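Remember, it's a predicted structure, so these values are computed and weren't measured experimentally.
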Amino acid sequence: MSLPHAILTALVEKPSSGLELTRRFDRSIGYFWSATHQQIYRELGKLETEGLIRELPGRQPVRGQKKSYEVLPAGREELARWTAAPQDPRPLRDTMLLRLRAAAVVGTAGVEDDLRRHLDLHERQLAEYREIEERDFPPGRDGAEDRLRHLVLRAGIDLETFWTGWLRHALAEFAELPGDGAGAQNR
């Protein structure tokens, strides 16, 4: 149920059209909660039907004109309720970790190359997050909204730092494996 709440959050920050929301997801929210253009439009319809958002008033419908939405008091209340509700952490589900577990029994062919590819991707994402931090959070920006947004960005930086460190460690382990690694084909 988090996509509707991500949309409500974005609309509380700034009333927007579906296209503008899609672009904002691509530039910020999408780093930690992704959604396709179609998912966003589908959720906008549901949120409007539920009375949580409405099309901005005062606009005459014109073919091809973008509808812009704003959050209604009921939507703000729902967002506040959801924000305050306790939630358990989600268990980690990562395909690479599962593939490594499988490689232990069937062999490591192809895995090391993919670990290197993952390392490159995580290094690039980390660099992008650090650029955003430098650009958007200079010293002195310490209002409550800025601090909380920076906290979200810090989570991304810390996660990418973890993954780059872990992937370097995994590649070092691969360098020390005998033959082609572990697995049933070596038995």
Side-chain angles (χ1 to χ4, degrees), residues 1-98 118 121-138 141-163:
M1 187 166 199
S2 294
L3 179 56
H5 296 100
I7 291 172
L8 286 171
T9 299
L11 289 175
V12 167
E13 291 174 343
K14 180 182 176 190
S16 304
S17 69
L19 181 59
E20 291 165 337
L21 281 172
T22 299
R23 289 178 180 152
R24 288 173 59 206
F25 264 73
D26 289 345
R27 289 189 316 259
S28 63
I29 293 172
Y31 286 121
F32 57 90
W33 198 268
S34 62
T36 65
H37 185 74
Q38 293 84 3
Q39 289 172 315
I40 289 171
Y41 274 92
R42 189 171 38 249
E43 287 301 326
L44 284 170
K46 289 178 186 176
L47 291 168
E48 189 173 26
T49 300
E50 293 169 5
L52 301 178
I53 66 171
R54 70 173 178 174
E55 185 177 348
L56 283 172
R59 298 184 66 165
Q60 295 296 324
V62 176
R63 185 181 163 109
Q65 182 181 24
K66 298 181 282 184
K67 289 183 185 180
S68 287
Y69 297 91
E70 66 180 352
V71 176
L72 294 169
R76 200 176 265 276
E77 289 170 14
E78 168 55 21
L79 188 57
R81 182 209 60 76
W82 178 78
T83 301
Q87 294 187 7
D88 293 334
R90 294 187 136 184
L92 177 62
R93 287 179 58 162
D94 187 275
T95 306
M96 178 56 78
L97 298 177
L98 183 57
H118 278 238
L121 293 170
H122 284 286
E123 286 175 335
R124 283 191 269 155
Q125 188 64 65
L126 179 58
E128 185 175 347
Y129 285 164
R130 287 187 171 146
E131 287 174 21
I132 292 169
E133 183 179 43
E134 188 175 313
R135 180 190 70 222
D136 294 348
F137 298 100
R141 283 191 72 176
D142 59 357
E145 286 183 13
D146 285 331
R147 290 177 73 175
L148 291 174
R149 287 182 181 125
H150 191 199
L151 190 59
V152 172
L153 179 61
R154 282 300 321 170
I157 290 169
D158 292 347
L159 284 169
E160 294 302 330
T161 300
F162 162 77
W163 281 115

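The distance from atom CD1 of I7 to atom CG of L52, rounded to the nearest 0.5 Å, is 11.0 Å. To the nearest 0.5 Å, the span separating CD on E160 from CZ on F162 amounts to 10.5 Å. Separating the CZ atom in R141 from the CZ atom in R147 is a distance of 13.5 Å, to the nearest 0.5 Å. If you take CG on L126 and CG on D158, they are separated by 9.5 Å, rounding to the nearest 0.5 Å. Atom OH of Y69 and atom OG of S16 lie 11.5 Å apart (nearest 0.5 Å).
Applying the side chain to side chain contact (heavy atoms under 4.5 Å, CB included) criterion to E70, with sequence neighbours excluded, gives P15, R54, L56, P57. Under the side chain to side chain contact (heavy atoms under 4.5 Å, CB included) criterion, T22 pairs with D26, H37, I40, sequence neighbours left out. Every residue meeting the side chain to side chain contact (heavy atoms under 4.5 Å, CB included) condition with V12, not counting sequence neighbours, appears here in chain and number order: V71, R76, L79.
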side-chain contact (heavy atoms from CB on, under 4.5 Å) evaluation trace for F32 with L159: CA-CA 11 Å; F32 57 90; L159 284 169; over 6 Å; no

CA sep, side-chain torsions, deciding dist, call: R130, T161, side-chain contact (heavy atoms from CB on, under 4.5 Å): CA-CA 11 Å; R130 287 187 171 146; T161 300; 3.7 Å; yes

side-chain contact (heavy atoms from CB on, under 4.5 Å) between Q125 and Y129, worked out: CA-CA 6 Å; Q125 188 64 65; Y129 285 164; 3.1 Å; yes

Just do the side-chain contact (heavy atoms from CB on, under 4.5 Å) check on W33 and H5 with the steps written out, would you? CA-CA 10 Å; W33 198 268; H5 296 100; over 6 Å; no

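The number of heavy atoms from other shown groups lying within 6.0 Å of CD (Q87) is above 12. Within a 6.0 Å sphere centred on CZ of R135, heavy atoms belonging to other residues, nucleotides or ligands number more than 12.
Aromatic ring pairs are classed by plane angle as parallel below 30°, tilted from 30° to 60° and perpendicular above 60°; the pair F137 and H150 is parallel.
Although no hydrogens or angles enter the test, the distance criterion places a donor-acceptor pair under 3.5 Å between the side chain of Y41 and the main chain of L19.
For the pair L44 and G18, the tightest heavy-atom approach, listed with the atom from each and the gap, is CD1-CA, 3.6 Å. Scanning all heavy atoms of the two residues, the minimum distance from S17 to S68 falls at N-OG, 3.7 Å. Residue L72 comes nearest to G51 through the heavy atom pair CD1-O, 3.4 Å, listed as atom of the first residue, atom of the second, then distance. Pairing each heavy atom of S2 with each of W82, the nearest pair is OG-CZ2, 3.7 Å.
For the pair L11/L21, a side-chain contact is recorded, criterion being any heavy-atom separation below 4.5 Å from C-beta on.
The pair R24-E13 counts as a salt bridge, with a side-chain nitrogen and a carboxylate oxygen less than 4.0 angstrom apart. Contact check on E78 versus R81 returns a salt bridge, with a Lys/Arg side-chain nitrogen under 4.0 Å from an Asp/Glu carboxylate oxygen. Salt-bridge formation is detected for the pair R149/E145: a Lys NZ or Arg NE/NH1/NH2 atom is positioned less than 4.0 Å from an Asp or Glu carboxylate oxygen.
None of E50, E48, E43 except one satisfies the salt bridge (charged side-chain N to carboxylate O under 4.0 Å, His left out) rule with K46; the exception is E43.
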